[in-house]
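Here the structure comes first, spelled out in structure tokens, and everything after it is commentary.
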Number of protein chains: 4
Amino acid sequence: MTFGVASRGVYAIATTPFLKDGSIDFTSIDRLTDFYEESGCTGITILGIMGEAPKMEPDESRAIVKRVVSRAKVPVIVGVSAPGFAGMRSLARDSMAMGAAGVMIAPPPALRTDDQIVNYFSGAVEAVGEDVPWVLQDYPLTLTVVMSPGVIARIITNHPSCLMLKHEDWPGLEKISKLRAMQKADELRLFSILCGNGGMFLDFEPERGADGAMTGYGFPDMLAELIGLFAAGKRDEAHDLFDAHLPLIRYEQQPGIGLAIRKHVLKRRGIITCDTQRKPAQMLTPAARAEVDYLLARLARHDKRAALFE
Amino acid sequence: MTFGVASRGVYAIATTPFLKDGSIDFTSIDRLTDFYEESGCTGITILGIMGEAPKMEPDESRAIVKRVVSRAKVPVIVGVSAPGFAGMRSLARDSMAMGAAGVMIAPPPALRTDDQIVNYFSGAVEAVGEDVPWVLQDYPLTLTVVMSPGVIARIITNHPSCLMLKHEDWPGLEKISKLRAMQKADELRLFSILCGNGGMFLDFEPERGADGAMTGYGFPDMLAELIGLFAAGKRDEAHDLFDAHLPLIRYEQQPGIGLAIRKHVLKRRGIITCDTQRKPAQMLTPAARAEVDYLLARLARHDKRAALFE
Amino acid sequence: MTFGVASRGVYAIATTPFLKDGSIDFTSIDRLTDFYEESGCTGITILGIMGEAPKMEPDESRAIVKRVVSRAKVPVIVGVSAPGFAGMRSLARDSMAMGAAGVMIAPPPALRTDDQIVNYFSGAVEAVGEDVPWVLQDYPLTLTVVMSPGVIARIITNHPSCLMLKHEDWPGLEKISKLRAMQKADELRLFSILCGNGGMFLDFEPERGADGAMTGYGFPDMLAELIGLFAAGKRDEAHDLFDAHLPLIRYEQQPGIGLAIRKHVLKRRGIITCDTQRKPAQMLTPAARAEVDYLLARLARHDKRAALFE
Amino acid sequence: MTFGVASRGVYAIATTPFLKDGSIDFTSIDRLTDFYEESGCTGITILGIMGEAPKMEPDESRAIVKRVVSRAKVPVIVGVSAPGFAGMRSLARDSMAMGAAGVMIAPPPALRTDDQIVNYFSGAVEAVGEDVPWVLQDYPLTLTVVMSPGVIARIITNHPSCLMLKHEDWPGLEKISKLRAMQKADELRLFSILCGNGGMFLDFEPERGADGAMTGYGFPDMLAELIGLFAAGKRDEAHDLFDAHLPLIRYEQQPGIGLAIRKHVLKRRGIITCDTQRKPAQMLTPAARAEVDYLLARLARHDKRAALFE
């Protein structure tokens with residue numbers, strides 16, 4: 001399975017399910033893999049920040065890659081961000097050997113200037129190998145690294161193996177427009193843009209030039225439907241669907257507790273068995289859980305996928 | 001006019017209207033003051049961050065205070081945050097002399113530890129005088145200063161003149177719950193909590209214990225109605241109203257360009273004459289303006305206050 | 001008095017002396033102005049960060065500019081950094097009208113990308129006017145804005161009125177070398193580089209290409225002598241002099257309390273009357289003061305300028 | 001071998017030597033271990049930030065622990081900081097089983113409030129086990145987490161297994177004084193304080209109450225001698241020795257390139273074979289290397305340990 005500069009649709013940012021004792025729940029991984037595919041996802045991204053990747057041991061990371069890659073019928077991208085290039089290379093090469101479609105690389109938080117960012121990715125590509133297709137992760141809110149359109153253009157131009165941008169800037173709509181304008185002016189080659197931020201701006205990102213979403217919101221089936229509506233030119237219907245989900249999307253998009261909400265929803269939907277996170281982690285209070293459930297109940301009036309209670 | 005530990009409702013965070021040349025637009029200030037009152041606001045906060053306070057000269061600040069205080073029939077709170085305590089004192093004393101109800105003080109970005117924060121506010125209160133009622137501004141997203149419930153409790157306990165918390169943490173629902181729980185356990189005296197963040201979580205904040213909102217969203221009339229619905233126990237109707245506005249609230253809550261959106265909406269509503277900001281400032285692109293207008297048009301189907309076009 | 005792209009020597013970063021009640025001590029300002037000149041300084045920079053500029057009211061700033069400019073026989077540069085361009089312009093134009101040689105502008109802390117930085121200075125130059133000579137302040141440790149050599153080159157190329165770089169990066173020796181190499185390769189026009197950081201690396205900066213120092217260390221006479229020794233090719237003697245002062249330079253270079261140490265030393269030397277800072281400020285503990293005095297006593301064995309006690 | 005609340009002297013922060021290809025150089029590890037002991041170090045800390053710990057694979061970390069612990073005749077402390085508590089526990093338990101004296105734990109960069117910091121260490125101690133002696137690492141310059149004396153006191157009071165503070169605040173002299181004052185006032189139990197920051201303030205830290213140093217400066221023999229001079233009450237001689245080294249200490253204390261300088265010096269001294277760092281890494285330019293060598297040559301006039309050239 002491969003991905004490319006024309007990849008579209010929804011790449012699910014997969015959570016990593018754990019059993020109550022913190023060990024990896026492979027049965028839930030299988031269910032989650034199937035669920036993403038059945039939801040219409042065109043790809044799956046594993047071992048990202050929201051996949052709790054930094055809390056895995058190297059052999060656990062490989063076991064997860066193997067499990068997902070061997071089951072999925074869509075391209076699987078593996079997050080390989082690491083403090084050292086040796087570890088990054090090792091996981092990237094092992095993942096590709098197991099059948100991954102590519103890898104995703106985020107910049108480390110200390111980078112500041114354009115040159116520092118561009119040079120970092122040159123080192124990273126040298127490390128993983130120029131033959132490994134990869135996704136550039138742009139996530140300033142968490143990583144504190146701000147990439148201008150010009151920097152992204154330099155990275156994409158420098159590295160033919162960079163096929164996709166995971167766009168997660170905030171605010172970020174103008175960035176998409178600028179990058180697409182650079183392409184139209186022939187200053188930049190083709191590449192795919194999938195958007196993150198939990199989907200918070202997915203009602204406008206496709207019109208700005210995004211090819212879809214790469215995020216882990218608990219209703220990937222809605223995300224896929226939304227992208228389909230935009231592709232079909234049904235703008236108002238897309239917004240109607242989006243607006244029904246926005247209260248929950250917004251609630252999930254809170255830093256720190258977002259993953260707890262996401263796992264709670266996936267558990268409610270019957271996809272994963274436990275909502276356990278590896279420590280240190282932020283948990284939902286009973287009040288927060290009740291608020292999420294209230295939002296789900298309200299959502300169910302518009303979208304029966306959210307009807308999780310009787 | 002005074003405010004107190006039992007203040008409720010909506011305190012509008014007032015933008016500062018400018019003419020095209022960047023000079024203060026006093027006519028629009030008058031209209032804005034009237035508009036906030038007619039919208040049901042129970043107070044007005046001027047010269048906050050979104051009021052472009054750091055871009056004012058001292059005499060301009062005083063002219064704005066004088067204008068608003070002499071016109072408003074609700075309490076006016078004046079943002080007096082400043083790099084030096086001498087300037088803070090001077091603006092606070094002058095504002096009170098002109099009839100302001102109190103002042104608002106935010107922590108400077110360099111503060112980190114609990115003690116640093118607590119000591120800063122001791123110095124600030126010593127500077128402005130213990131007789132000046134004040135609002136504690138908690139705004140980590142922009143100021144990078146994180147105040148735990150314990151720190152807020154220490155500040156409130158230290159300073160009887162602190163009557164209100166402008167709550168703007170993100171995520172922040174648990175903070176409201178914890179502070180109110182401390183009060184129930186008699187560990188903390190009464191104080192008012194009004195919430196900011198553009199209203200992004202105002203569908204749950206009242207139930208957590210907030211007394212209302214202090215924010216500058218372009219539809220303060222909606223905010224006031226929403227607080228009223230919660231006060232009347234009409235939870236579902238409150239959420240219906242909130243959900244209709246959330247797409248616009250969310251769009252406005254983008255760092256950097258939020259003020260441009262807010263001024264654009266206020267201009268569309270006919271309240272201010274120009275959407276000029278003092279430089280340096282971020283402007284809306286035509287694409288962004290069109291998106292805001294589309295959101296307004298969609299909102300108008302549910303809320304006729306948004307019907308700004310024919 | 002003017003300064004230019006070939007300015008050399010020591011520009012003293014002037015502290016602002018206050019009386020015990022926090023009012024400006026103009027008598028000490030006069031003494032300080034004379035002292036800097038008698039110490040061999042080739043220029044004076046006033047109203048910088050260490051001059052407590054953000055704690056001044058606009059009329060105070062102008063009074064200080066007027067006092068120093070009318071007394072000094074060397075070029076005076078005025079720090080005009082401000083949150084708004086209107087205030088920056090106003091102080092810059094007023095200062096030039098009073099006879100200042102130029103202004104100094106620092107980037108606001110929120111800037112991240114190369115383009116953001118370059119665009120900010122375009123706006124600033126438009127505001128103050130292209131006819132006003134200015135110094136670019138590069139001070140990442142305090143301002144958190146990191147400027148690569150490439151960004152500095154873009155700013156210098158964009159703005160003929162930028163005549164000097166106040167270099168205060170840490171680490172920063174390579175930055176000087178790179179900028180000078182760009183000039184040798186004809187990629188960059190001439191400009192002066194004066195170094196800050198309290199002089200912490202002034203034993204190597206001249207050899208890397210710096211034209212001197214712009215810092216406020218309490219012994220500007222030593223700084224001037226040091227630059228002279230380097231200019232005369234007396235490398236080892238320069239290092240001997242520097243090394244004798246390094247224990248004190250290092251002690252003074254502590255963030256937050258550095259200004260208290262500097263004012264303590266200037267008071268010990270009889271230049272300023274009080275070591276008062278405007279609040280909020282960090283004070284020296286008795287233990288710290290005793291440590292500074294011990295360092296002065298040790299220094300006096302090598303440099304009689306430090307013999308302040310009998 | 002154990003360490004305790006009364007541990008004194010110098011704990012060397014060990015670099016991790018690599019061969020040119022980036023693989024671990026165990027022969028140099030042995031030489032380094034012997035060198036630290038022969039230099040008078042009373043302990044060795046391995047796998048810290050300057051030991052490039054985040055760039056190691058888990059099995060490599062264990063191989064390094066095993067090698068050093070089995071050779072050293074002084075207590076060995078192992079850095080176990082990790083994004084997840086599971087990985088932290090695993091390395092801590094394995095290290096103790098191999099004979100380590102204890103572990104060192106640093107706070108993750110996201111922590112801000114006192115409570116967040118205190119709670120993090122409660123989780124960490126629960127994870128590694130209350131029976132594992134540990135060192136609290138306080139390093140705001142790199143980690144951006146600022147711990148007040150009060151927070152350190154809470155952590156030490158909460159956890160009897162915390163025996164030592166690696167003090168690396170900047171500025172930090174007052175922090176030592178405050179903690180020791182709390183002990184004198186019986187508000188805090190005994191614990192050891194060893195200071196980092198490359199030794200930049202080791203001429204005053206012992207008098208403030210520090211028990212010694214924990215740092216990786218290339219002349220640990222000098223550090224040990226310095227601590228001995230202070231213990232013997234020879235203040236002026238201690239300062240003479242310190243001042244001779246300060247130009248090099250200062251040069252080494254530059255963020256980012258400090259490790260390159262340290263490895264260069266250790267290679268010059270014949271202790272490690274290569275100065276290779278794992279990528280990404282900052283290298284010394286020829287100009288910087290020449291500056292270090294010049295500083296070594298100057299130092300050699302006062303301290304023959306620095307006479308590395310003929």
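When reading the values below, keep in mind they use all heavy atoms of this one structure, side chains included, and skip hydrogens, waters and symmetry mates. Quick note on labels: first sequence line is chain A, next is B, and so on, each numbered from 1.
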Would you be so kind as to tabulate the donor-acceptor pairs closer than 3.5 Å made by side chains of residues 45-55 of chain B, with sequence neighbours excluded?
residue: B:Glu52; atom: OE1; partner: B:Arg278; partner atom: N; Å: 2.8
residue: B:Glu52; atom: OE2; partner: B:Lys263; partner atom: NZ; Å: 2.8
residue: B:Lys55; atom: NZ; partner: B:Arg278; partner atom: O; Å: 2.8
residue: B:Lys55; atom: NZ; partner: B:Pro280; partner atom: O; Å: 2.9

Contact list for residues 108-130 of chain B, test ring-ring contact (aromatic ring centres under 6.0 Å, His included), sequence neighbours left out: B:Phe85-B:Tyr120, B:Phe121-B:Trp134
Which atom of B:Ser148 lies closest to which atom of D:Thr113, heavy atoms considered: N-CG2, 3.8 Å
Proximal to chain D - members of residues 137-147 of chain B, heavy-atom separation under 4.5 Å: B:Val146, B:Met147
Other residues, nucleotides, ligands: >12 heavy atoms within 6.0 Å of B:Glu126 CD: no
Residues 152-168 of chain B: residues contacting chain D (heavy atom under 4.5 Å, by number): none
Separation between CG of D:Leu111 and CZ of B:Arg112, rounded to the nearest 0.5 Å: 12.0 Å
